[in-house]
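Naming convention: chains lettered A, B, ... in sequence-line order (proteins, then strands); numbering from 1 in each chain. Heavy atoms only: backbone and side chains are in, while hydrogens, waters and symmetry mates are out.
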Amino acid sequence: MDIEWAACRPSLFFPLLGEGIRVEGPDGSSVAEFLAQAAGIDPAYLARRVQTVFLNGHPVDDLARTAVRGGDAIALSAALPGLAGAVLRRGSAYAAMRHSITWEGTPGEKGGAGTAAATLKLFNLVARELGPGLLAAGVRVPGEALCGFLERSFPGGAPAGDAVRLDGRPSGAGPWWRGLPPAETHRLRVLPAQETESGAPGAPREAVSPPS
Amino acid sequence: MDKILRIQMGAEGGPKAKVEPLPAAYAGLGGRGLTSAIVAHEVPPSCHPLGEDNKLVIAPGLLSGSAAAMSGRLSVGCKSPLTGGIKEANAGGMPAQMLGRLGFAAVVLEGKPRDDTLYRIYLGKDKVEIRPDNRLRGLGNYAVAETMKAEYGDKVSLISIGPAGEMKMAAASVACTDMEFRPTRHAGRGGVGAVMGSKGVKVIVVDDTGCGVRRPQDPEAFKEANKKFVEGLRKHAVTGQGLPAYGTNVLTNVINEAGAYPTKNFMWGRFANCNKISGETQAETENARGGEGSATHGCHRGCVIRCSGTYYDKDGAYLTKQPEYETVWAFGGNCAIDDLDAIATLDRLCDDFGLDTIETGATVAVAMEAGVAAFGDAQAAIRLVKEIGAGTPLGRILGNGAAVTGRVYGVERVPVVKGQAMPAYDPRGVQGIGVTYATSTMGADHTAGYAVATNILGVGGNVNPLQPEGQVDLSRNLQIATAAIDATGMCLFIAFAIMDQPETFQALVNLINTFHGLKLTADDVTALGKKVLSLEREFNRKAGFTQAMDRLPDFFRKEKLPPHNVVFQVKDEELDRVFNW
Ligand code: SF4
């Protein structure tokens with residue numbers, strides 16, 4: 001299903017990015033290269049802003065020397081508070097404190113052979129900064145996660161002022177997502193309401209800050 | 001801040017107050033440095049924590065009451081009824097700033113009333129008044145605030161206990177009012193509220209009317225140092241952006257991703273529904289509901305990080321302050337509850353009854369494991385906490401913490417060290433934190449080795465970060481550095497900016513020096529941290545603590561934690577090295 005959502009508050013969708021979206025990139029490439037290809041994430045942004053990276057739940061220290069394979073899950077976070085936050089950082093001076101879970105996988109190669117489908121999770125400021133662009137371009141989300149998210153975020157249906165089109169047709173009122181096939185992956189585009197209503201970019205109702 | 005107020009609660013004819021100059025032995029100490037020094041020097045380590053020989057020491061920070069940013073933390077120290085060792089718990093809110101302006105380095109409650117009369121204490125400019133006030137008996141902290149407001153207005157601040165403190169429960173906290181005069185900031189850990197209850201004091205009203213801001217010795221240099229300090233906090237990604245946007249609950253998703261998020265009473269390292277209670281979801285919920293100070297708010301005037309917020313219910317009515325990461329975890333993943341509104345309700349109940357949310361959440365999870373309620377049942381958790389507030393027989397058990405509850409119900413998986421419940425990081429996932437849990441003077445405590453730059457402070461030599469053995473040295477260094485920051489009475493969250501930015505650390509040292517006319521160096525700060533820890537260790541030793549108590553519960557070495565299937569691996573001999581200096 002192709003879902004286009006003109007939202008008064010696109011930021012309400014940022015937590016969905018923390019549950020994971022489906023992306024595809026070169027199999028066996030490094031985390032940095034994979035993210036650049038699969039999600040258009042600038043390596044400079046990654047190096048500067050993304051302080052904590054997980055591959056399959058393991059903290060990664062060296063982005064260039066870690067390969068992404070099909071079925072992997074990558075999670076990205078900005079700098080975090082607390083001792084745990086400091087310990088989990090890439091290349092942390094406190095890395096010894098989490099040695100039992102640190103990623104010790106294979107190094108990545110430039111431009112792997114095939115294509116790998118992976119799950120990408122964006123947390124906190126990373127979701128806030130990359131979220132508007134990714135959501136506007138469209139993200140692929142597993143049906144079950146999407147339905148669960150929509151059910152608890154908008155129990156009665158889309159908020160007043162939002163407009164949703166399903167495969168190009170208006171969704172109608174109420175919790176229409178209950179009819180989505182949970183086993184399928186759906187494409188979700190979220191745009192600030194005024195941009196889509198007028199058909200051209202305009203001032204969104206909710207200011208969205210660009211990456212600093 | 002050159003005087004100590006001592007109130008002898010057991011004096012002949014009723015409580016008597018005495019103001020004395022700050023003894024030379026305590027000069028230059030604030031916050032945890034001062035509370036621990038007074039407890040270590042004046043409290044017999046073998047005394048009963050609820051007896052007349054214990055003292056409750058309430059101390060603002062070295063810079064509280066001045067214009068220095070972040071200087072409003074209040075330390076509360078005593079011998080702990082929960083751990084049986086020395087305790088310092090601290091809180092934000094307004095009382096520290098006001099006590100500083102009144103000139104008090106510490107307020108010490110001593111002795112024990114001769115009957116069960118409940119007292120209120122008023123501290124104003126040149127005035128100390130202690131009055132019996134049995135009307136306050138059984139009131140929650142919110143009702144105490146309303147009662148005091150009717151009499152004193154809302155420009156004063158309060159330090160109070162709820163029914164849990166009156167009932168001398170080991171999970172009882174001491175509440176401080178925030179900028180809105182709500183009792184939302186708690187010195188939570190170790191049962192400090194029970195000790196205040198044992199002294200018969202329900203509330204201390206702190207009124208700084210007529211007192212100016214404390215003046216630095218070198219105003220120009222102080223102003224400059226404060227400016228640099230604030231700039232450093234604002235420009236750092238954690239203190240300038242992450243914490244203001246999401247509060248400490250920003251950690252939920254990430255600790256969960258790391259597989260170190262204790263779930264269902266430390267059974268698993270991941271909570272499937274964690275996104276429902278994450279900081280991201282919480283912030284979006286708060287922003288969508290709106291209201292004054294919703295997602296970004298300070299707990300006291302002078303906080304520039306503002307990691308807190310205000311939680312309104314679905315109808316826009318005030319419910320509680322923004323629950324912190326540890327609270328959201330304790331009642332959330334740890335009890336398998338995925339409902340933010342229910343967690344906020346539990347936070348409100350704990351604030352009102354005067355309960356430590358970490359200890360209480362951990363206790364509810366142990367009770368759930370015992371079959372007293374089902375995991376995931378939010379309404380049952382609310383009922384259990386209400387039992388504590390009502391003081392029913394079950395509530396009396398729960399109110400005394402996870403260790404007591406585990407013993408009563410025969411539960412083996414009880415996540416405590418020295419009787420105190422562990423916070424929200426599984427030590428099998430982040431083993432270095434396990435070292436700190438095991439060896440901290442305070443019992444399992446996440447703030448004991450928080451995060452201060454060992455490389456800047458230069459304590460303990462160089463540590464190879466890639467060697468597992470390094471975690472013992474790191475834990476030691478972090479505990480020293482944390483004790484040093486705690487001794488200044490600054491909010492510990494400044495640690496992140498200090499860790500990464502040497503100039504911000506220097507600005508902090510300059511703030512203290514220019515205010516007090518001192519010439520402290522980074523080495524002096526380190527020495528102070530070591531001194532505080534040494535005093536605390538010595539107190540605990542005399543109270544009967546041995547190396548055998550510097551251990552995690554057995555199950556951490558035996559039960560593999562999914563998803564990474566790891567156990568705690570640090571050897572006992574390694575743990576025993578932490579305090580070798
Ligand atoms: S950073 Fe948070 S805990 Fe620290 S003083 Fe500010 S609001 Fe309070």
Side-chain angles (χ1 to χ4, degrees), chain A residues 8-9 11-20 48-49 51-54 56-59 61 73-89 91-102 121-125 127-129 131 145 148-149 152-153 159 206 209 212, chain B residues 236-239 241-243 245-246 248 250-251 253-255 257-260 270 275-276 278-281 284 287-288 307 325 424-425 428-433 435-436 446-447 449-451 453-455 463-471 474-475 478 493 495-496 499-500 563-564 566 569:
Chain A
C8 295
R9 294 184 69 95
S11 64
L12 289 175
F13 290 83
F14 295 166
L16 177 63
L17 302 173
E19 294 199 21
R48 174 176 51 82
R49 191 62 155 166
Q51 295 284 315
T52 302
V53 176
F54 295 97
N56 302 327
H58 299 275
D61 286 312
I74 309 164
L76 309 179
S77 164
L80 291 162
L83 177 55
V87 165
L88 292 171
R89 273 189 207 178
S92 167
Y94 313 106
M97 298 181 103
R98 42 111 165 134
H99 72 96
S100 65
I101 57 168
T102 297
K121 300 179 188 179
L122 305 181
F123 297 142
N124 48 68
L125 292 170
R128 197 174 271 198
E129 292 170 353
F149 172 79
R152 66 171 184 276
S153 303
E206 180 184 69
S209 51
S212 54
Chain B
H236 191 274
V238 172
T239 49
Q241 291 168 297
L243 278 171
Y246 301 107
T248 51
V250 68
L251 286 164
N253 267 332
V254 178
I255 304 299
E257 187 65 21
R270 280 218 181 121
N275 202 32
K276 293 187 185 175
S278 68
E280 289 87 333
T281 300
E284 293 307 336
N287 282 330
C307 78
Y325 168 62
Y425 315 88
R428 289 164 288 190
V430 188
Q431 307 233 334
I433 291 187
V435 176
T436 301
H446 61 296
T447 64
Y450 218 44
T454 50
N455 50 338
V463 175
N464 181 347
L466 299 176
Q467 292 303 314
E469 299 73 43
Q471 61 202 342
L474 283 168
S475 175
L478 289 164
F493 292 160
F496 318 115
M499 177 166 65
D500 291 335
H564 297 312
V566 280
Q569 297 157 355

Contact leader toward chain A among B:Ile255, B:Leu243, B:Asn253, where contacts are heavy-atom pairs under 4.5 Å:
B:Asn253
Residue pair A:Leu12, B:Asn287: steps toward the side chain to side chain contact (heavy atoms under 4.5 Å, CB included) verdict:
CA-CA 9 Å; A:Leu12 289 175; B:Asn287 282 330; over 6 Å; no
Counting only heavy atoms closer than 4.5 Å, note whether A:Ser77 contacts chain B via side chain, backbone, both or neither.
side chain
Minimum heavy-atom separation for B:Val250 to A:Pro81, with atom names?
CG1-CD, 3.5 Å
Taking the side chain as every heavy atom from C-beta outward, state whether B:Glu284 and A:Ser11 have any pair of such atoms under 4.5 Å apart.
yes
If I measure from the heavy atoms of chain A, does B:Val254 come under 4.5 Å with its side chain, its backbone, both, or neither?
both
Under 4.5 Å from a heavy atom of chain A, the part of B:Thr281 involved:
both
Please give me the minimum heavy-atom distance between B:Ala237 and A:Ala79, naming the atom from each residue.
CB-CB, 4.1 Å
Chain A contact via B:Arg270 - side chain, backbone, both or neither, heavy atoms under 4.5 Å
side chain
Walk me through it: do A:Leu122 and B:Glu280 pass the test side chain to side chain contact (heavy atoms under 4.5 Å, CB included)?
CA-CA 10 Å; A:Leu122 305 181; B:Glu280 289 87 333; over 6 Å; no
Sort A:Leu88 into side chain, backbone, both or neither according to what part of it lies under 4.5 angstrom from a heavy atom of chain B.
side chain
Once rounded to the nearest 0.5 Å, what's the spacing between atom CD1 of A:Ile101 and atom CD of B:Gln431?
9.0 Å
Which one wins on heavy-atom pair count under 4.5 Å against chain A: B:Gly259, B:Ala258, B:Gly242?
B:Ala258
Let me know if A:Phe54 has heavy atoms under 4.5 Å from chain B in its side chain, its backbone, both or neither.
side chain
Enter the distance from A:Leu80:CG to B:Thr248:OG1 here, rounded to the nearest 0.5 Å.
11.5 Å
Could you tell me whether a side-chain N or O of B:His564 sits under 3.5 Å from a main-chain N or O of A:Gly57, the two making a donor and an acceptor?
yes
If you tally heavy-atom pairs under 4.5 Å against chain A, which of B:Val238, B:Asn275, B:Thr239 wins?
B:Asn275
One should read off an interatomic distance between B:Lys276 NZ and A:Arg152 CZ, to the nearest 0.5 angstrom, of 5.5 Å
